Amino acid sequence: DEIKKALQRIAYSPANTDAFGRLTGTGQRYNDLAGQLRDATASAVPEYGAAVRIGGDKLAEERAFSLGRDLLSPKTEIEDIGFGLGKNPSQDQIASAKQGLRSYIYKIMGDVKSVASDPNIDARQVVKAVTDMSSDNARAKIKALMGKEADALLAQIDMAAQSAAVRAAMATNSKTAVRQYTQGAVKEMTEPGILGKAL
């Protein structure tokens, strides 16, 4: 277990990661070795496998969480998911990656600021989340991470996107209505009254 941890530390050391924290080829080989050692040890000593399942592989789960948190970033490529999780990721790693993705979604929604022109912050939070998750690359990465579970999430995103489109159309119409009302009021105020017409 200590050798496995040491291999993981070497894999993710600055010497074996790029500027974005992704594993280089050498880093990937060290990480694969760590995974192979974990699996071989779990196979040889069932108690170790049970302990890892209960306690989890802390380093691998931390990496998986970071991967999930950065999943929708343009710098994260689809192949980074396989590199980051390894060939045989545990259920805990996958759960940690999903948790990282969830924390990112909560963060981007929480960062939406209130503006005077649109006080409906809930709707604007949904629009922001939909914007970040609706590109083809984002959808592909979500599918690569979540597998079949992604279908339900992506269906909800599509529904939210439709609602956002309707809301945007309504907002545009509302602006038009406000503009027309204002123009009408100004016209009414500037037109001559009965006295003016008589004159």
Side-chain angles (χ1 to χ4, degrees), residues 4 8 11-12 17 20-23 25 27-43 46 48-112 122-168:
K4 176 198 63 120
Q8 288 174 320
Y12 284 95
T17 53
F20 298 112
R22 294 179 297 204
L23 293 173
Q28 188 58 52
R29 284 192 289 279
Y30 278 116
N31 198 43
D32 287 346
L33 281 172
Q36 291 169 18
L37 183 57
R38 178 198 64 208
D39 295 343
T41 307
S43 177
Y48 172 77
V52 168
R53 281 193 299 275
I54 293 168
D57 186 341
K58 191 170 183 299
L59 288 173
E61 287 169 29
E62 286 174 359
R63 301 288 178 204
F65 181 88
S66 297
L67 173 69
R69 187 188 56 212
D70 298 336
L71 188 74
L72 300 180
S73 168
K75 71 180 183 182
T76 302
E77 304 290 344
I78 292 174
E79 53 269 18
D80 292 336
I81 298 167
F83 292 147
L85 294 177
K87 291 178 182 173
N88 296 306
S90 68
Q91 289 301 312
D92 290 331
Q93 279 179 273
I94 294 169
S96 292
K98 289 177 185 175
Q99 188 178 355
L101 175 60
R102 189 165 47 247
S103 75
Y104 172 77
I105 293 168
Y106 287 153
K107 182 184 184 307
I108 60 169
M109 291 176 70
D111 285 345
V112 172
D122 292 342
R124 288 177 48 248
Q125 286 175 332
V126 170
V127 169
K128 173 61 179 163
V130 166
T131 302
D132 280 25
M133 299 172 74
S134 60
S135 73
D136 289 344
N137 282 344
R139 294 172 79 91
K141 289 187 281 188
I142 291 168
K143 284 181 180 177
L145 174 64
M146 298 181 67
K148 290 182 179 179
E149 290 180 334
D151 293 340
L153 175 63
L154 294 174
Q156 288 183 333
I157 292 168
D158 291 340
M159 286 175 59
Q162 289 175 351
S163 298
V166 169
R167 180 177 179 273

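In this text the structure is predicted, and so the values were computed from the model without any measurement.
Once rounded to the nearest 0.5 Å, the distance linking CD1 of Ile81 with CD of Glu79 reads 9.0 Å. Between Gln99 atom CD and Glu61 atom CD the span is 9.5 Å, to the nearest 0.5 Å. Taking NZ of Lys98 as the reference point, atom CD of Gln91 lies at 7.5 Å (rounded to 0.5 Å). Summarising the geometry, atom OH belonging to Tyr12 is positioned 9.5 Å from atom OG1 belonging to Thr17; distances are rounded to the nearest 0.5 Å. Ser96 OG to Ile94 CD1: the interatomic distance, rounded to the nearest 0.5 Å, is 10.0 Å.
For the residue pair Gln28 and Asp32, a side-chain donor N or O sits within less than 3.5 Å of a side-chain acceptor on the partner.
Here the shortest heavy-atom pairing between Ala64 and Gln93 reads CB-O, 3.1 Å.
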>> Working note: Leu72 + Leu101, criterion side-chain contact (heavy atoms from CB on, under 4.5 Å); need CA distance, chi angles, decisive distance, verdict.
In response: CA-CA 8 Å; Leu72 300 180; Leu101 175 60; 4.0 Å; yes

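For the side chain to side chain donor-acceptor pair (under 3.5 Å) test, no residue two or more places apart in sequence or in another chain qualifies with Glu77. For Asp70, there are no salt bridge (charged side-chain N to carboxylate O under 4.0 Å, His left out) partners at least two apart in sequence or on another chain.
Here the side chains of Gln36 and Leu33 are in contact, with some heavy-atom distance below 4.5 Å.
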Which side-chain N or O atoms in residues 136-147 pair as donor and acceptor under 3.5 Å with protein atoms at least two apart or in another chain?
from   : atom 1 : to     : atom 2 : distance (Å)
Arg139 : NH1    : Asp158 : OD1    : 2.9
Arg139 : NH2    : Asp158 : OD1    : 3.4
Arg139 : NH2    : Asp158 : OD2    : 3.3
Lys141 : NZ     : Leu71  : O      : 2.8
Lys141 : NZ     : Ser73  : O      : 3.0
Lys141 : NZ     : Thr76  : O      : 2.9

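With a 6.0 Å radius and a threshold of 12 heavy atoms from other residues, nucleotides or ligands, Phe65 has its CZ atom above the threshold. Surrounding OH of Tyr48 are more than 12 heavy atoms belonging to other residues, nucleotides or ligands, all under 6.0 Å away.
Proximity of a side-chain donor or acceptor of Ser43 to a complementary backbone N or O of Asp39 within less than 3.5 Å is not detected.
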